[in-house]
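Numbering of ligands and ligand atoms starts at 1, following listing order.
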Amino acid sequence: MSLCYLNGQFLPLEKAAVSPMDRGFLFGDGVYEVIPVYSRQPFRLDEHLGRLQRSLDAIRLANPLSAEAWHSLVARLIAAAEWDDQSVYLQVTRGPMAIRNHAFPKVVTPTVFGLVEPLVTPSGEQVEKGVAAVSATDFRWLRCNVKATSLLANCLLRQMAIDAGCAETVMFRDGILTEGAASNIFVVKDGTLLAPQKNHLMLSGITYDVVLELATQYGLPTEVRDICDAEVRSADELWLTSSTKEVLAIVTLDGRPVGAGKPGPVFGRMYRWYQDFKQTVMRGHG
Ligand code: PDD
């Protein structure tokens, strides 16, 4: 039985309940974070809490907890879990309303929820062989930089991949690469790592930042700029990144091989750098 946090209380997940009038339930009016935890050490916690703050600011919801309170909440969830590698989920919604009404309630009582689950990273086989992806037009809203709980479009887009027996959907808006349904996307061309520039059309990934930092640290050339459809389709390598998937090679896109159709040499290097970086986190220096 796993412990969760709900509105000031730690309790078994089975005992946790929220009102059906919660705006998170009725409108998807909330924001969230997913934080990987390795050997009970949270990965880039301050960066995740910083992004949570930016998401809250964007939806005009005051942060219900101080930084210290978030830290102790996360520490308590991590300590109570039975696994060493975990995924901590944090969510804040605009809370319950008396009657269903789109306008913000006059008095807002946010709902704060925290949950810890085992961290499921890609299997050895997925790392070694890579995964397949499909492409789609990005039909989400224009505030994709907000990590909002309203994920209907992302769920529909991810399901396109699942229905095609693939792992992820790579999205384009007006012919420009945005991101995956639940990941950021990188391209390798002629030894240079290309990354889409952060804007309102994609989530500013914590893993994305780590990957670019590692590239700089190890001298891999990078370009952060708009990447067009043709560049993705003629890439030497294509990667996806996220807190739970880490760095993973995409080896086919819409059934056609990406580069040599297997994880490329630059991926191999980045994967190793990323695993090494995780070790520093586990030693408490992340
Ligand atoms: N999703 N883009 C989208 C749309 C995402 O949902 C995610 C992560 C990312 C990668 O962000 P990060 O590196 O900070 O995890 C990019 C999480 C894992 C989820 O919704 O489960």
> At what distance is the nearest protein heavy atom to atom 21 (O) of ligand 1, and which residue and atom is it?
Replying inline: V34 CG2, 3.7 Å
>> Could you walk me through whether E223 and T192 satisfy the side chain to side chain donor-acceptor pair (under 3.5 Å) test, starting with their C-alpha distance in whole Å, then the side-chain angles of each, then the deciding distance to 0.1 Å, before giving a yes or no?
In response: CA-CA 7 Å; E223 281 178 28; T192 296; 4.8 Å; no
> Is the shortest distance from a heavy atom of K147 to ligand 1 less than 4.0 Å?
Replying inline: yes
> Nearest protein heavy-atom contact for atom 15 (O) of ligand 1: which residue, which atom, what distance?
Replying inline: S243 OG, 2.6 Å
> Is there a heavy atom in C144 that sits closer than 4.0 Å to ligand 1?
Replying inline: no
> Is the distance between the ring centroids of Y89 and Y32 less than 6.0 Å?
Replying inline: yes
> Are any of the N or O atoms of T244 closer than 3.5 Å to those of ligand 1?
Replying inline: no
>> Check this for me - ligand 1, T207, N or O atoms closer than 3.5 angstrom, yes or no?
In response: yes
>> Within the 4.5 Å heavy-atom criterion, are Y218 and R269 side-chain neighbours or not?
In response: no
> Judged by modelled atom types alone, do W70 and N63 share a side-chain donor-acceptor pair under 3.5 Å?
Replying inline: yes
> With a cut-off of 4.0 Å, which atoms of ligand 1 are near a heavy atom of A181?
Replying inline: 4 (C)
>> Using heavy-atom distances only, which candidate in S204, G205, A182 approaches atom 6 (O) of ligand 1 most closely?
In response: A182
> Does ligand 1 have an atom under 4.0 Å from some heavy atom of R51?
Replying inline: yes
> Which bit of N154 gets closer than 4.0 Å to ligand 1, counting heavy atoms only: side chain, backbone, both or neither?
Replying inline: side chain
> Is the NZ or CZ atom of R76 positioned over Y5's six-membered ring, under 6.0 angstrom from the centre and within 45° of the axis?
Replying inline: no
>> Exactly one of R44, K198, R51 should register a salt bridge (charged side-chain N to carboxylate O under 4.0 Å, His left out) with D209. Which one does?
In response: K198
>> For F43 together with F277, are the ring centres under 6.0 Å from each other?
In response: yes
> Passes salt bridge (Lys or Arg N to Asp or Glu O under 4.0 Å), E231 versus K189? Steps please.
Replying inline: CA-CA 8 Å; E231 288 179 290; K189 187 68 185 173; over 6 Å; no
> Considering only protein heavy atoms, which is closest to atom 20 (O) of ligand 1, and at what distance to one decimal place?
Replying inline: Y32 OH, 2.7 Å
>> Can you tell me if Y89 contacts ligand 1 (heavy atom of the residue under 4.0 Å from the ligand)?
In response: no
> Are R233 and D254 ion-paired here, with the side-chain N under 4.0 Å from a carboxylate O?
Replying inline: yes
>> Could you work out, for atom 2 (N) of ligand 1, the closest of K245, R158, E179, R44 by heavy-atom distance?
In response: E179
> What residue and atom, counting heavy atoms only, is the protein's closest point to atom 10 (C) of ligand 1, and at what distance?
Replying inline: N184 OD1, 3.6 Å
